[in-house]
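Data block below; observations after.
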Amino acid sequence: MLIKRPRPWEVSENLVTPEHVFMNRRAFLRGSSATIACAAALGLAGCGEAAEAPTAGPNSEAALTQKAAELFPYPKNTSIPIDRPLTDESVSSTYNNFYEFGSHKRIASAAEALVSRPWRIEIAGEVDTPIEIDIDELIAQMPLEERIYRLRCVEAWSMTVPWSGFPLAALVDFAKPKSSARYLKMQTFMDPDVASGQRQRWYPWPYTEGLTMAEARNELAFMATGVYGKPLGEQFGAPIRLAVPWKYGFKSIKSVVRFEFTGTKPVSFWEEIAPKEYGFWANVNPEVPHPRWSQATEEVLGTGRRVPTLLFNGYEEQVASMYKGLEAQNLYR
Ligand code: MTE
């Protein structure tokens, strides 16, 4: 039977249409609840300032997100081969891991509490000059593009997603690390008032991840600021998250606020909780089972199919040279 597989550049138009009037769902909901409140009040007291959305104004989250949306679509980079159809947005946006908002997959509506603009980014540690910069000022200085990547979760499911963003290598160049920097440590925001999961104190918040400098400079390491041709929704890790497709999904840290260059190997969130189950390297490897399940196959979300898992999630050509000399077991741990 002939199965038609779309080519990387055959992204359906509805995924890349510029959404110049894009509003994130939360801002929209806020707007509509204000409208409903306003409508309810009509005929009684009229709609004055009290009915205005609390996010109004040029520096409101909605206005800043809309401005960021005007940069979309980013130019497509089709040089990285992809052999699977895109996962439907309705699937990938409703099945997420974001423990800050709950330890289950249906966190999308809880994550709408995250205020993703304005957003400050800190670049610290072994750099010429520590920097604090607004997300949109940073984006303005980066080479923007869209790439389609597969994502393989350590839980043995996978999806295929069109990320928009810039190569992490460009951020590394911008940061000007010293030669003493051997690792890049990244951290997620910390705000238990909006992220109820962070009130669970037995987790080692904030979520932390790390890469070697070679990994951070690898051509595949990507900082996503958008997905499906528009700014990242909160559940995907707005306003900026990592995408390292050759590693298990837990390495792809969401909603990053801090990049620290360091001489010391960082201990990541999951590594601190269960070091035997979630190692620092976490390279996708079908031959090394997780201590509690096999990694030989994966469920492709939205298709009902299981397929064999590939070494480095199929990105061997681009990344294998970084791990020469490491045993299969160590590639994972
Ligand atoms: N980043 C933060 N800050 N918190 C998380 O809980 N989960 C990780 C990763 N990044 C996580 C995170 C895991 S386990 C996976 S599989 C991916 O995000 C899931 O990304 P997705 O929800 O966009 O599919």
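This structure is a prediction, so every number in the text was calculated from the model and none was measured. Read the numbers this way: they start at 1 and go in the same order the structure lists the ligands and their atoms.
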Measure from the side-chain N and O atoms of Tyr315 to the backbone N and O of Arg150, and report whether any donor-acceptor pair falls under 3.5 Å.
-> yes
N/O donor-acceptor pair under 3.5 Å between Lys254 side chain and Gln235 backbone | yes
Check the hydrophobic clustering (I, L, V, M, F, W, Y; side-chain heavy atoms under 4.5 Å; chains of links allowed) and say if Leu168 and Ile80 are grouped together.
-> yes
Short list, please: which atoms of ligand 1 are under 4.0 Å from a heavy atom of [X]?
X      : value
Thr188 : 3 (N)
Cys153 : 16 (S)
Phe236 : 23 (O)

Taking distance alone, with no angle check, do [X] and ligand 1 share an N/O pair under 3.5 Å?
X      : result
Asn96  : yes
Tyr99  : yes
Trp157 : no

Suppose we measure from [atom] to each protein heavy atom; which comes out shortest, and what is that distance?
atom                    : value
atom 7 (N) of ligand 1  : Asn97 O, 3.3 Å
atom 24 (O) of ligand 1 : Met159 CE, 2.8 Å
atom 8 (C) of ligand 1  : Tyr207 OH, 3.4 Å
atom 10 (N) of ligand 1 : Ser252 O, 2.9 Å
atom 1 (N) of ligand 1  : Lys254 N, 3.0 Å
atom 23 (O) of ligand 1 : Arg241 NH1, 3.1 Å

No-hydrogen, no-angle side-chain donor-acceptor test under 3.5 Å, [X] and [Y]:
X      : Y      : result
Ser92  : Tyr228 : yes
Gln295 : Thr309 : no
Tyr323 : Trp246 : yes
Arg306 : Thr297 : yes

If you look at every heavy atom in Ala221 and Glu215, which pair is closest and at what distance?
-> CB-O, 3.5 Å
Determine whether more than 12 heavy atoms belonging to other residues, nucleotides or ligands lie under 6.0 Å from atom CD of Glu132.
-> yes
Hey, is Glu155 touching ligand 1 through its side chain, its backbone, both or neither, going by heavy atoms under 4.0 Å?
-> neither
Which bit of Glu100 is near ligand 1, meaning a heavy atom under 4.0 Å away: side chain, backbone, both or neither?
-> side chain
Where do Tyr99 and Phe269 land on the ring pair (Phe, Tyr, Trp, His ring centres under 6.0 Å) test, with the steps shown first?
-> CA-CA 11 Å; Tyr99 274 65; Phe269 181 83; 7.1 Å; no
So which of Ser255, Gly237, Gly249 gets nearest to atom 15 (C) of ligand 1, if we judge by its closest heavy atom?
-> Gly249
